[in-house]
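No hydrogens, no waters, no symmetry mates; every other heavy atom, side chains included, goes into these values. Whatever order the structure lists them in is the order used to number ligands and atoms, beginning at 1.
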Amino acid sequence: MSAFEFLWTELLSRNVIIYSSFVRRSVSLTAGLNYGSWFLLQFHNSLSVFQTSSGSLTDLSHPTSLPAAEQFIELRQRVETEFQFRFGYVPLVVAAAPGRVNLIGEHVDYNHGFVLPMAIERYVIIAAAPSSNPSQEHATFYSSDMQESIDVPISASSGPTCSGWGRYLEGVIAGFVSRGCNVPPFDAVIGSSVPRGGGLSSSAALEVATATMLEGITGQQLEPLEKAILCQRAEHKFAGMPCGIMDQFSSVFGMPNELMLLDCISQEIQVVPFRDENVSVLITNSNVKHELATGEYAERRRQCESALAELGLLSWRDVTLADLDLARRRLTTDELACGRHVVTEIGRTLDAAKAFANGQWALVGELMYSSHESLQKDFRVSCAELDTLVRIAREIGSEDGVYGSRMTGGGFGGCSVTLVRSGRAKPVRERILMQYENETSVQGSSFTSRPAIGTHLVKRNAHDN
Ligand code: GLA
């Protein structure tokens, strides 16, 4: 019996009704895998994860590649099992939130620009339930990756009392309490497949997963926009990182098969379809993180603000290269260079969004290389390892499947993002990793991702299995 026949028989015998919007469009199942109460179903080239619940199948997360779906399920199972092991009862809610990769539009979210990120098929998953001791005034979190436990106060405090990763959790809980939510003491276990310190927004994913978990625990739903902003505030006030809005927005609003062109003034998202399966997004982690990242980020932000004030304008969107040139004597060399990056990057992002929508991969690639050069020379947030990754990708070239490459995220280490022809993704990946290690003596790592769905609850109560 084929996997398909087996699965189909199984579904029919359980009298399961498929009501996902996707399936309504196409009922020809081509393959499937059964993981207890979980099913991975493949329809033509797409794959969906379903979960059985009272005789129906709930479409859960729409991951589009088998390894990503398997990884998601394994992570969820690990987190739930760990919860039961640590706390001795079953979690009430399980929440997931993805990391992100930014295709282009770097360091312009806090400069009134446009960014073009997508959520990635890597998630932070949190299992939680109200604690059996209601007089407790804190939440107990256990990180299954760090094998560390932390008690986080449930209060409306305006700054951190916790250290390390506890600050993100504390900031989000404080945000909920400050807006009047009644947060009960609770226990939680966290697991993550988003690489930490890789510029893929592992901290935003942690904040957003915490917020979604709190929605499940308290029954109080936030507007998605409010949720993203509450999480950004947690990062500002509790982690001391003056980030823009891109990371939290991506983790909240991510959608399969779509890039998000986010207008960082109006905070509106224009969808840029990205369905072409012949093109893949390859994310390569340099596996280095230089310590100066947070300090330099704040410094760049200050330089951009002082340059704009000197120009006498309210928004970088109103600045042209000619304005910068006219003001060059009044600006410091660093301010001038930062301004040049911001102005050109805003233009490149809009051009890239159009090129993406039209499938003009060579043009997207050129814009990615220019973005990298601008971040390297003008904004000065790249590093030798990232430059090496991008150079190797460029040397491989379009004939061998690479359209373009650039550093992604805050910089000073972390990842590069490379657009590759899907059929060449494997050899390109192998060559980048091999050459990178030969040249730097550092072992990189990489994976591809389709645009993934944003944060969601994967389990709502003890009866949903
Ligand atoms: C970090 C910040 C984002 C953004 C990027 C650079 O990831 O959190 O807000 O500024 O750097 O584009």
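When E106, E235, Q248, R100 are checked for heavy-atom proximity to atom 6 (C) of ligand 1, E106 turns out nearest.
Taking the six-membered ring where the residue is Trp, W361 and F356 present perpendicular rings, their angle passing 60° and hence far from 30°.
If you check the side chains of E277 and S422, you find no donor sitting under 3.5 Å from an acceptor.
In terms of modelled atom types and a separation under 3.5 Å, the side chain of E345 and the main chain of E106 share a donor-acceptor contact.
Scanning the protein heavy atoms around atom 5 (C) of ligand 1, the nearest turns out to be M246 CE, 3.8 Å. Counting only heavy atoms of the protein, atom 8 (O) of ligand 1 lies nearest to D247 OD2, 2.6 Å. Counting only heavy atoms of the protein, atom 10 (O) of ligand 1 lies nearest to Y297 OH, 2.5 Å. Closest protein heavy atom to atom 3 (C) of ligand 1: D109 OD2, 3.4 Å.
Taking every non-hydrogen atom of C243 and a distance limit under 4.0 Å, the qualifying atoms of ligand 1 come out as 2 (C), 8 (O), 9 (O). Taking every heavy atom of Y110 and a limit of under 4.0 angstrom, the matching atoms of ligand 1 come to 10 (O). Short contacts between ligand 1 and G244, defined as distances under 4.0 Å to a heavy atom of the residue, involve ligand atoms 9 (O). Close contacts between ligand 1 and H107 involve ligand atoms 6 (C), 12 (O) [criterion: under 4.0 Å to a heavy atom].
Heavy atoms of Q232 found under 4.0 angstrom from ligand 1: none, in either backbone or side chain.
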Please report the C-alpha distance between D325 and R328 in whole Å, then the side-chain angles of each, then the deciding distance to 0.1 Å, and finally whether the salt bridge (Lys or Arg N to Asp or Glu O under 4.0 Å) criterion is met. CA-CA 5 Å; D325 195 42; R328 68 184 182 283; 3.3 Å; yes
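Remark: of the listed residues E226, E215, E223, E226 is the sole one forming a salt bridge (Lys or Arg N to Asp or Glu O under 4.0 Å) with R179.
Ion pairing of R380 with D334 is present here, as a side-chain N (NZ or NE/NH1/NH2) and a carboxylate O approach within less than 4.0 Å.
Ring centers of F186 and F141: under 6.0 Å apart, within the cut-off.
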